[in-house]
Trainee: 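Submitted below is the structure of interest, expressed as structure tokens.
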Amino acid sequence: MLDPRRSRDTIAAIATPPGDGGVGIVRISGDRSRAIAARIFRPARASFTEFIPYTLHYGRIVDGRDAVLDDVLVACMPGPGSYTGEDVVEINCHGGRAVLAAVLEEVLRCGARLAERGEFTYRAFMHGRLDLTQAEAVAEMIHAPTRSAAHLAQAKLSGLLGQRIAALRTRLEALRAALAVAVDFPDDEVECLPPEALAGGVAGVRVDIMDLLRAVDRTRTWREGALVVLAGRVNAGKSSLMNGLLGRTRAIVTDQPGTTRDYLEETVTLDGLSVRLVDTAGMRADTAAAPRIDAVEAAGMAMGRELMDRADLVLLLADGTAPLDSGTLSLATVLSPERTLAVLTRRDLPGFDPAHGAPLAGLGFELVEISSVTGHGLDTLCARVRERVLAGAGQPDPDELAPNARQAAILAEAAEELRQLEADALAAVPYDLLGVRLETACVTLSSITGEITSQEVLASIFDTFCIGK
Ligand SMILES: Nc1nc2c(c(=O)[nH]1)N(C=O)[C@@H](CNc1ccc(C(=O)N[C@@H](CCC(=O)O)C(=O)O)cc1)CN2
Ligand SMILES: Nc1nc2c(ncn2[C@@H]2O[C@H](COP(=O)(O)OP(=O)(O)OP(=O)(O)O)[C@@H](O)[C@H]2O)c(=O)[nH]1
Ligand SMILES: [Mg+2]
């Protein structure tokens with residue numbers, strides 16, 4: 001939990017991802033960051049007297065006994081103009097985990113405290129360097145799976161969403177002021193602000209809010225990626241298709257029915273769209289002729305069904321060399337053609353007959369023919385998957401502003417308040433009561449940018465960040 005009482009501490013963390021990298025950064029923020037750096041940094045140049053802001057200085061980091069830990073470049077960014085608004089020092093080390101851990105340990109020994117998740121960005125927010133929509137956009141940017149997602153995050157990072165919300169609030173505040181005049185001088189009520197004018201002004205703001213909310217759905221697939229689940233009977237060719245789409249052997253493929261028992265997930269990018277592909281355990285019934293389904297396989301099949309429910313698109317695979325079996329058909333009846341693409345496999349074999357897909361076409365399913373052996377039809381399949389999950393949602397405009405789930409929930413709440421306010425205004429509800437609704441709507445909107453936001457909400461937002469951000 002981010003504790004405001006600990007906000008005076010100088011904090012430090014490794015800001016780069018764990019693992020081997022060319023360069024790794026230890027970041028320090030707070031009043032003591034420069035003093036700490038001075039204690040452990042030995043500049044290479046004799047001319048060095050102090051850190052020149054926003055300039056890299058070459059030298060070495062040493063421990064308490066003057067043993068060299070690493071060759072580094074150090075940058076200092078003084079507050080209040082830095083990212084956090086405090087004095088920031090960044091030590092660019094070699095990107096190995098042991099080196100970074102050693103340098104961080106030395107920084108902590110000299111008096112810094114290990115930063116909590118999102119604490120650097122939390123400080124940027126507390127110091128007014130970022131509003132809450134920008135802070136959230138930092139996390140969105142880091143987790144953006146594709147360039148379109150990064151693009152949408154960038155618009156918010158630059159503060160455009162915060163500005164849009166502030167402008168909506170200003171319009172409501174103006175109405176509030178006019179309403180206050182009307183309350184104070186009731187005799188001039190009609191001239192000051194006729195109820196129709198109030199309702200009209202409020203409706204204008206509400207329309208703009210609804211517009212922002214529509215952008216949430218329009219851009220969801222671009223921001224979050226799509227979940228595509230491969231389903232079908234055992235041996236239909238799901239794992240082969242998974243490997244074919246990934247372009248490498250990820251899933252075990254054998255001619256034994258029931259090869260895949262757990263689900264496997266991998267992410268692919270289809271022409272700029274991120275897709276989470278999930279290969280599932282094939283479905284089969286436990287007949288006397290078939291081997292008994294054990295607990296592992298049963299659990300795998302149950303997970304598969306759960307994934308199918310959650311999927312944006314199910315790829316229902318069926319063997320194109322044999323008449324459609326009753327298992328596939330019964331699976332088809334529980335899937336909706338809107339969320340399903342039927343895939344006939346083994347197109348390369350002489351026994352392949354597109355007519356085997358007729359019962360599925362009859363149920364309204366779109367059909368694609370593929371061979372995982374030759375790769376036939378995979379391009380078409382990818383294009384259809386992309387088209388189907390996007391469902392007409394084109395690439396977002398460069399200036400598109402897409403609120404996240406938290407922001408959308410608040411916008412919906414404000415819109416509802418405004419809708420009731422419009423109805424009240426037209427129903428001649430007294431002005432002071434209308435004023436209360438208007439104030440509620442303003443306060444609600446301001447919780448988006450964080451001017452008024454509880455500590456719990458802040459903690460829940462910054463807790464989703466990585467350490468070092
Ligand atoms: N090494 C490093 N790279 C990084 C960051 C960082 O903190 N460190 N960032 C963050 O995590 C992002 C960049 N964001 C930043 C935003 C503002 C400032 C900053 O110091 N702004 C001053 C600029 C003054 C000047 O140009 O001289 C300002 O706005 O006044 C720095 C980084 C991405 N890359
Ligand atoms: N010729 C040919 N063989 C295929 C094709 N797709 C799958 N196979 C073969 O069919 C058998 C089963 O393929 P899998 O991909 O393991 O099938 P699955 O649907 O994952 O099966 P389970 O994991 O048991 O549910 C393997 O021997 C594959 O080599 C195809 O397009 N053409
Ligand atoms: Mg399989």
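In listed order, ligands and their atoms are each counted from 1. Bear in mind the structure is a predicted one, so any value in this text is a computation, not a measurement.
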Trainee: With heavy atoms of Y54 as the reference, note each atom of ligand 1 found under 4.0 Å away.
Mentor: 19 (C), 20 (O), 21 (N), 22 (C), 23 (C), 24 (C), 27 (O)
Trainee: Heavy-atom contacts with R27 under 4.0 Å: which atoms of ligand 1 show up? List them by number with element.
Mentor: 6 (C), 7 (O), 10 (C), 11 (O)
Trainee: Which residue supplies the protein heavy atom nearest to atom 7 (C) of ligand 2, what is that atom called, and how far is it?
Mentor: S240 OG, 3.1 Å
Trainee: In terms of side-chain geometry, is the basic nitrogen of R117 or D463 positioned less than 4.0 Å from the acidic oxygen of its partner?
Mentor: no
Trainee: Give me the residue, atom name and distance of the protein heavy atom closest to atom 19 (O) of ligand 2.
Mentor: K238 NZ, 2.6 Å
Trainee: Relative to the heavy atoms of S371, which atoms of ligand 2 are at a distance of less than 4.0 Å?
Mentor: 31 (O)
Trainee: Going by the atom numbers of ligand 2, which of them fall below 4.0 Å from some non-hydrogen atom of G282?
Mentor: 25 (O)
Trainee: If we check side chain to side chain contact (heavy atoms under 4.5 Å, CB included) with V389, which of these qualifies: L273, L341, L227?
Mentor: L273
Trainee: Before accepting this row, confirm whether a basic side-chain N of the pair E400/R218 lies closer than 4.0 Å to the acidic partner's carboxylate O.
Mentor: yes
Trainee: Does the protein place a non-hydrogen atom closer than 4.0 angstrom to atom 24 (C) of ligand 1?
Mentor: yes
Trainee: Tell me, which protein residue and heavy-atom name are nearest atom 10 (O) of ligand 2, and how many Å apart are they?
Mentor: R346 NH2, 2.6 Å
Trainee: Look at the N, O or S atoms of S239, main chain and side chain alike, and state whether any lies under 2.8 Å from the Mg ion (ligand 3).
Mentor: yes
Trainee: If you define the side chain from C-beta out and look only at heavy atoms, does anything of V343 sit under 4.5 Å from L381?
Mentor: yes
Trainee: Among all the protein's non-hydrogen atoms, which is closest to atom 24 (O) of ligand 2, and how far away is it?
Mentor: G258 N, 2.7 Å
Trainee: Any protein heavy atom at under 4.0 Å, with atom 34 (N) of ligand 1 as the reference point?
Mentor: no
Trainee: Would you call K469-E119 a salt bridge at under 4.0 Å N-O?
Mentor: no
Trainee: Quick one: which of G81, G468, P80, G85 has a heavy atom closest to atom 28 (C) of ligand 1?
Mentor: G81
Trainee: So, N235 and the Mg ion (ligand 3): N/O/S under 2.8 Å, yes or no?
Mentor: no
Trainee: Is atom CD1 of I252 surrounded by more than 12 heavy atoms (other residues, nucleotides or ligands) closer than 6.0 Å?
Mentor: no
Trainee: What atoms of ligand 2 come within less than 4.0 Å of a heavy atom belonging to S372?
Mentor: 30 (C), 31 (O)
Trainee: Distance under 4.0 Å to a non-hydrogen atom of P257: what atoms of ligand 2 satisfy this?
Mentor: 24 (O)
Trainee: Answer with yes or no whether E90 contacts ligand 1, where contact means a heavy atom under 4.0 Å from a ligand atom.
Mentor: yes
Trainee: One thing to verify: whether R276 and E266 come together as a salt bridge, which I'm taking to mean a side-chain N less than 4.0 angstrom from a carboxylate O.
Mentor: no
Trainee: What I want to check is whether the side chains of T146 and S274 have a donor and an acceptor closer together than 3.5 Å.
Mentor: no
Trainee: Indicate whether atom 30 (O) of ligand 1 is within a distance of less than 4.0 angstrom of some protein heavy atom.
Mentor: yes
Trainee: Check each atom of ligand 1 against the heavy atoms of R129 and keep those under 4.0 Å away; list them by number with element.
Mentor: 21 (N), 22 (C), 28 (C), 29 (O), 30 (O)
Trainee: Scan side-chain atoms only and decide if T453 and S447 contain a donor-acceptor pair under the 3.5 Å cut-off.
Mentor: no
Trainee: Salt bridge between K238 and D279, side-chain N to carboxylate O under 4.0 Å?
Mentor: no
Trainee: Would you say the side chains of S29 and T84 form a donor-acceptor pair under 3.5 Å?
Mentor: yes
Trainee: In the protein, what heavy atom is nearest to atom 2 (C) of ligand 2, and what distance, to one decimal place, separates them?
Mentor: V373 CG2, 3.3 Å
Trainee: I'd like to know if D312 and R388 make a salt bridge, using a cut-off of under 4.0 Å between side-chain N and carboxylate O.
Mentor: no
Trainee: Tell me if the centroids of the rings in F41 and F51 come within less than 6.0 Å of each other.
Mentor: yes
Trainee: If the cut-off is 4.0 Å to any non-hydrogen atom of D348, which atoms of ligand 2 fall inside it?
Mentor: 1 (N), 2 (C), 30 (C), 31 (O), 32 (N)
Trainee: Protein non-hydrogen atoms only, distance under 4.0 Å: does atom 1 (N) of ligand 1 have such a neighbour?
Mentor: yes
Trainee: Charged N to carboxylate O under 4.0 angstrom, R233 versus D319?
Mentor: no
Trainee: For a quick check under 3.5 Å, do T449 and E451 share a side-chain donor-acceptor pair by atom type?
Mentor: yes
Trainee: Using a strict 4.0 Å threshold on nitrogen-to-oxygen distance, state whether R8 and D31 make a salt bridge.
Mentor: yes
Trainee: What atoms of ligand 1 come closer than 4.0 angstrom to any heavy atom of K469?
Mentor: 10 (C), 11 (O)
Trainee: Is the shortest N/O to N/O distance between S239 and ligand 2 below 3.5 Å?
Mentor: yes
Trainee: At less than 4.0 angstrom from any non-hydrogen atom of T254, what atoms of ligand 2 do you find?
Mentor: 11 (C), 12 (C), 13 (O), 16 (O), 26 (C), 27 (O)
Trainee: Who gets closest to atom 12 (C) of ligand 2 by heavy atom: T280, V253, N243, N235?
Mentor: N235
Trainee: Which protein heavy atom lies closest to atom 17 (O) of ligand 2, and at what distance to 0.1 Å?
Mentor: G237 N, 3.2 Å
Trainee: Would you verify that at least one protein heavy atom lies under 4.0 Å from atom 4 (C) of ligand 1, or report that none does?
Mentor: no
Trainee: Is it true that R261 and D294 have a side-chain N and a carboxylate O under 4.0 angstrom from each other?
Mentor: yes
Trainee: Salt bridge check, R384 against E366: does any charged N sit closer than 4.0 Å to a carboxylate O?
Mentor: yes
Trainee: Heavy atom under 4.0 Å from ligand 2: found in Q256's side chain, backbone, both, or neither?
Mentor: backbone
Trainee: Which of the numbered atoms in ligand 2 are under 4.0 angstrom from any heavy atom belonging to A236?
Mentor: 19 (O)
Trainee: Who's the nearest protein heavy-atom neighbour of atom 14 (N) of ligand 1, and how far?
Mentor: Y83 CD1, 3.9 Å
Trainee: Give the atoms of ligand 2, by number and element, whose distance to some non-hydrogen atom of L349 is under 4.0 Å.
Mentor: 1 (N)
